[in-house]
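Okay, so here's the structure we're looking at.
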Number of protein chains: 2
Amino acid sequence: MQSVQSPLTRKLGSFVVLSSAELKTLDDLHRRRRNFVAGRDLMHQGQTDQAAYILSDGWVCSYKLMRDGKRQIVDFQIPGDFLGLRSVLFHTADHNIEPITPVTASEVLASDLIDAFASSPRLATAVLWAASRDEAMVVEHLVSIGRRSALERTAHFFLELSARLKLVGLGTVEGYACPLSQYMLADALGLSAVHVNRVLRELREEGLLTFQKGKVTIHDFEKLVDVADFDRTYLDDYGPLLR
Amino acid sequence: MQSVQSPLTRKLGSFVVLSSAELKTLDDLHRRRRNFVAGRDLMHQGQTDQAAYILSDGWVCSYKLMRDGKRQIVDFQIPGDFLGLRSVLFHTADHNIEPITPVTASEVLASDLIDAFASSPRLATAVLWAASRDEAMVVEHLVSIGRRSALERTAHFFLELSARLKLVGLGTVEGYACPLSQYMLADALGLSAVHVNRVLRELREEGLLTFQKGKVTIHDFEKLVDVADFDRTYLDDYGPLLR
DNA sequence: CAGCAACGCTACTTTAGATCAGTTTTTAGT
DNA sequence: ACTAAAAACTGATCTAAAGTAGCGTTGCTG
């Protein structure tokens, strides 16, 4: 029994209680470690036979590029998250993945996954849960962009990141380190960089939140939750539900 | 061996080749059939211990409601689609599901799913594939709302529906039956109903597509693909990839 | 078959956020 | 330490889509 868990084990462990055999299987998925430099895409849309990865250190973003050069960032991934899981099942990648910081990740092949599922159906359920959680986030982003104002949307974004980072021990109620530029924020929020800047100023002036020099500081959590219409149960760590 | 397949079997079968034991397991998921009337929600956000369903007939929409009454439709589901799969794994529903037409669906419990996965890891992979496909659509909606204009977005929407319906045999290149109102379209596209109406007029006047009286007629597929920046490989039926 | 409720449609007005065109500040490289 | 480039920031103008208001049409339902 190991005391140091991988971020993925930690995350899945919050959903299912894992046996030591299952922990071992998860551990085995972390053979084939790879390192990537920031800025150089790790996966391209259209690329075939791409492996998936489990992110163990650093931040990346998943995005789609439009014909005219505009881009939409779908989500940022932090340690413990899968990268490009869809690409494996689809045989071809439908989005790009760019490391924002230097990154270390473990390559996972389709066959690894199928073998893991064969050794434990509970693991299959756990991975499906993780995938569903990712989808829930994408859905929330859709709602944000579709129906929330720029201010509400930005507030929601920072609260979501806060909840996610807290779960893997990378943030507190006061705030967290955040290596994103205002341009990336703009691409994620469906806004222009100029407008993001104005919204950040407003959040700061309203005493809600400050994002400066790679640090997010939450000044008034309650007011922020109210502004963003943030669901407190969203992404919460309920403790293992499936035993 | 049956010659009449359920829409789900048909869909999953386009991804993995299924053994007769696996077909039987899928069939067993269709015990517990339920009927629902249009308009009366089948699932509510916040509801706990909700079962999932496999939709066998009719259309439904999944949506989220905001504090101020605005709503965002995340996706429409057609026969063969899972309803509320996330809700089962999350123990509580994070969205609402409303039948648009009268609907028949089969109730699926978390335990059914786990049992099915235990009997066949390939089935687990197939279900993960279906879930990933749904996520890919949500991602595409996100991109649409975030970076496409109202016209492009609407064009993209109708092309996506066309591709999905063709796969389950409910549409052709010329068009398809579509029981949606302009209000629902607005809630799905992140637009106002008034603006949807204007966009539909423009699509009609440009000779691209007509949506009237519950029927979508595609006048110029190629031009529509161009306007929408629609990826032709998106949602395509590649034939079984995993053998 | 009258009357009401959806739904579809259009013109006018308003607004949130984009775009343009910079300046200032911070960061990283030689 | 000095430059170059990237990121942050600002004000002025523009525009896509929202909101508002109202009319016509269809189809229920009592």
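Naming: A, B, ... by sequence-line order, numbering from 1 per chain. Everything numeric in this text was worked out from a predicted model, so none of it was measured.
Atom-to-atom, CD of B:Q182 to C1' of C:dA6 comes out at 12 Å; the value is rounded to the nearest Å. C:dA16 atom P lies 11 Å from atom CD of A:E152, rounded to whole Å. When rounded to the nearest whole Å, the span between CG of A:L189 and P of C:dA16 equals 18 Å. As a whole-Å value, the separation of B:L200 CG from C:dC9 C1' is 11 Å.
Taking the six-membered ring for Trp and the full ring otherwise, A:Y53 and A:F36 have centroids separated by under 6.0 Å.
Checked against side chain to side chain donor-acceptor pair (under 3.5 Å), A:R133 has no partners two or more places apart in sequence or in another chain.
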Checklist entry - Once each nucleotide of nucleotides 17-30 of chain C is scored for protein heavy atoms under 4.0 Å, what B/S/- sequence comes out, 5' to 3'? => result BBBB-----SS---
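Put simply, CD1 on B:I73 and CE on B:M184 are 6.5 Å apart, with the number rounded to the nearest 0.5 Å. To the nearest 0.5 Å, the span separating NE2 on A:H156 from CZ on A:R153 amounts to 12.0 Å. Interatomic distance, B:I54 CD1 to B:E107 CD, rounded to the nearest 0.5 Å: 11.0 Å.
Between A:V103 and A:W59, the closest heavy-atom pair is CG2-O, 3.7 Å. Summarising the geometry of A:Q50 relative to A:V88, their closest heavy-atom pair is O-CG2, 3.7 Å, with the distance given to 0.1 Å.
Below 30°, between 30° and 60°, or above 60°: for A:F158 and A:Y176 the angle between ring planes is between 30° and 60°, a tilted geometry.
Reading DNA chain D from its 5' end, the first and the last nucleotide to sit under 4.0 Å from a heavy atom of chain B are D:dA17 to D:dG27.
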